[in-house]
Amino acid sequence: MGNRMITGVLTATAIVGGVGLFIGLFLGVAAIKFKVEVDEKEEAVLNALPGNNCGGCGFPGCSGLAAAIAKGEAPVNACPVGGEPVGKVIAGIMGVEAGESVRKVAFVKCQGDCEKTKADYEYHGIEDCRMLAFVPNGGPKSCNYGCLGYGSCVSACPFDAIHVVNGVAVVDKEACKACGKCVEACPKHLIELIPYDAPYAVACSSKDKGPVAMKACTVSCIGCQLCKKNCPSEAVTVADFNAAIDYEKCTGCGTCAEKCPRKSIVKR
């Protein structure tokens, strides 16, 4: 009886050991056969990226951008958060020239705060700018093109670089990484990325004719074209009663802001 028990134990042990050995060998062979080759450059690029995974580069996170750069499908300076310093590091990894990159920041094209703009009615409801598309005139403010001030852009910003101040969104240009999240979040399309060094900007998006715009907001652009007519470098254009600055032509002389009767063009 005792010998049979010992034999049974030894047999069971042998079977378990054999099965374990078989599984181990199988997993070892499978690991070799189905091994995914790791691109060393891709790994190095990923390590050089800041890891914010903000998607501002247009790819699904830093890993997506790293894969695209390693394959030559994206420029080495494509990361807006890392900017030129990270671009140079990645250029060294890829063995190419980084090229020049212009630092950009988000800018809200509106100054219509609680003092400067009028309100048609009081709004009591969900404080989300995207929901205001369903209320009369797209929001309580008289200007249908102005900032709604309910902070959808604030919620979207992963860097705490934009805040609502007195009813209008304001960007902290030092904290902004130009990821573009706020640009996508704004239902009024008031936010754009402009050069960090841009000396002046048009802080209005109104396309209403002069008399209408003047009634709605005290700092609205009325399309008078004085900025365009007086710009010595022809950097200002006016379309749909709204001015725009071509930053490649702008010399920063400030004439446009000086001549603007509505103070719609602001120094940054």
Side-chain angles (χ1 to χ4, degrees), residues 27-109 153-163 169-186 189-202 233 235 244-253 267-268:
L27 292 176
V29 172
I32 295 172
K33 185 174 180 62
F34 299 106
K35 180 181 179 181
V36 177
E37 294 296 332
V38 177
D39 188 325
E40 292 183 2
K41 283 189 175 181
E42 180 180 330
E43 287 292 310
V45 170
L46 180 59
N47 290 332
L49 291 171
N52 294 92
N53 293 309
C54 63
C57 57
F59 292 90
C62 293
S63 60
L65 176 59
I69 291 175
K71 294 175 183 176
E73 297 173 355
V76 294
N77 57 359
C79 176
V81 177
E84 190 170 347
V86 170
K88 288 182 177 179
V89 172
I90 295 176
I93 295 170
M94 298 300 296
V96 298
E97 293 292 330
E100 293 184 5
S101 60
V102 177
R103 180 183 175 184
K104 292 189 175 183
V105 294
F107 177 75
V108 182
K109 299 182 292 181
C153 53
V154 176
S155 301
C157 179
F159 304 102
D160 193 33
I162 185 166
H163 301 90
V170 178
V171 176
D172 179 348
K173 63 182 291 187
E174 301 304 327
C176 178
K177 303 299 182 183
C179 71
K181 292 291 186 181
C182 59
V183 177
E184 295 176 8
C186 180
H189 308 293
L190 299 178
I191 307 175
E192 66 178 1
L193 298 180
I194 66 173
Y196 173 85
D197 294 328
Y200 293 90
V202 180
S233 56
I245 297 174
D246 183 340
Y247 292 109
E248 292 187 359
K249 294 181 179 179
C250 179
T251 60
C253 68
K267 185 175 177 60
R268 298 186 65 255

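These numbers were taken from a predicted model, which means no experiment stands behind them.
Between Cys179 and Asn52 there is no side-chain heavy-atom pair separated by less than 4.5 Å. Counting only heavy atoms from C-beta outward, the side chains of Val105 and Arg268 approach each other to under 4.5 Å. Side-chain atoms of Asn77 and Val86, non-hydrogen and from C-beta on, never get closer than 4.5 Å to each other. Using a 4.5 Å cut-off on side-chain heavy atoms (C-beta onward), Lys109 and Glu192 make contact. Contact of the Phe159 side chain with the Val81 side chain is registered, since non-hydrogen atoms from C-beta on lie closer than 4.5 Å. Looking at heavy atoms from C-beta onward, Pro80 lies in side-chain contact with Cys57 at the 4.5 angstrom threshold.
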Let me see the working for Val170 and Val108 under side-chain contact (heavy atoms from CB on, under 4.5 Å), right down to the final yes or no. CA-CA 7 Å; Val170 178; Val108 182; over 6 Å; no
Go through Phe107 and Ile191 one step at a time and tell me if the side-chain contact (heavy atoms from CB on, under 4.5 Å) criterion holds. CA-CA 5 Å; Phe107 177 75; Ile191 307 175; over 6 Å; no
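When all heavy atoms are compared, the tightest approach of Pro85 to Gly82 is CD-O, 3.5 Å. Between Ala156 and Ala185, the closest heavy-atom pair is CB-CB, 3.7 Å. Nearest heavy-atom pair across Cys182 and Cys153 is CB-CB, 3.9 Å.
Figure legend: Lys104 and Tyr196 shown without cation-pi pairing, the cationic atom not lying both under 6.0 angstrom from the six-membered ring centre and within 45 degrees of its axis.
Remark: Asp172 CG to His163 NE2 distance equals 8.0 Å, nearest 0.5 Å. Atom CD1 of Ile162 sits about 8.0 Å away from atom SG of Cys186, to the nearest 0.5 Å. Taking CG of Leu65 as the reference point, atom CG of Asn53 lies at 10.0 Å (rounded to 0.5 Å). With values rounded to the nearest 0.5 angstrom, Ile90 atom CD1 is found 6.5 Å from Cys79 atom SG. Expressed to the nearest 0.5 Å, how far SG of Cys250 lies from CG of Asp197 amounts to 11.5 Å.
Under the side-chain contact (heavy atoms from CB on, under 4.5 Å) criterion, Ala66 pairs with Glu42, Val45, Leu46, Leu49, not counting sequence neighbours.
At least one donor-acceptor pair closer than 3.5 Å links the side chain of Lys181 to the backbone N or O of Cys54. Between the side chain of Tyr247 and the main chain of Pro199, no donor-acceptor pair closer than 3.5 Å is present.
In Lys88, the NZ atom is not crowded: 12 or fewer heavy atoms of neighbouring residues, nucleotides or ligands sit closer than 6.0 Å. Glu174 CD: more than 12 foreign heavy atoms inside a 6.0 Å radius.
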